[in-house]
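Just so you know, residue 1 is the first one in the sequence shown, and it goes up from there.
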Amino acid sequence: MFDLVRKSMLAGVGLALKAWDEVEDMAKEVAEQSKMTEKEGRKFIEELQTRYEDAQKKLEERVEKSVKELLKKADVVTQDELKGLKKEIRDLKKLISDQNDEETA
């Protein structure tokens with residue numbers, strides 16, 4: 001049972017790393033070799049495409065999470081944090097400017 005799960009996981013990762021064109025070509029070849037009917041072949045390819053898209057999405061989410069964790073550990077400022085700091089600086093400059101205007105008036 002463990003071996004089947006392991007092979008399925010490895011196949012999922014391999015599937016996620018391949019371009020859809022490659023996967024589709026492989027699926028068509030498998031359908032032809034196993035002598036599937038046209039309807040069975042179409043269903044097989046549609047199911048494979050769904051699994052492919054799911055695997056791609058999961059892989060993208062994991063990569064994004066890993067990159068964010070890496071950037072956090074490396075103490076790298078994100079775009080959102082930088083925008084927030086720039087806004088705070090603008091707000092502070094305006095506050096200082098307004099206070100200077102009040103003092104000179």
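- Residue L82 belongs to a hydrophobic cluster whose other members are V77, with links defined by side-chain heavy atoms closer than 4.5 Å.
- By the side-chain contact (heavy atoms from CB on, under 4.5 Å) test, Q49 pairs with W20, E53, sequence neighbours left out.
- Partners of E81 by salt bridge (Lys or Arg N to Asp or Glu O under 4.0 Å), not counting sequence neighbours: none found.
- E40 is linked by a side-chain contact (heavy atoms from CB on, under 4.5 Å) to M36, T37, counting only residues two or more places apart in sequence or in another chain.
- Atom-to-atom distance recorded for L95:CG and N100:CG is 9.5 Å, nearest 0.5 angstrom.
- For residues 86-95, the salt bridge (Lys or Arg N to Asp or Glu O under 4.0 Å) pairs, not counting sequence neighbours, are K87-D91, K94-D98.
- Not counting sequence neighbours, the partners of E47 by the salt bridge (Lys or Arg N to Asp or Glu O under 4.0 Å) test are R51.
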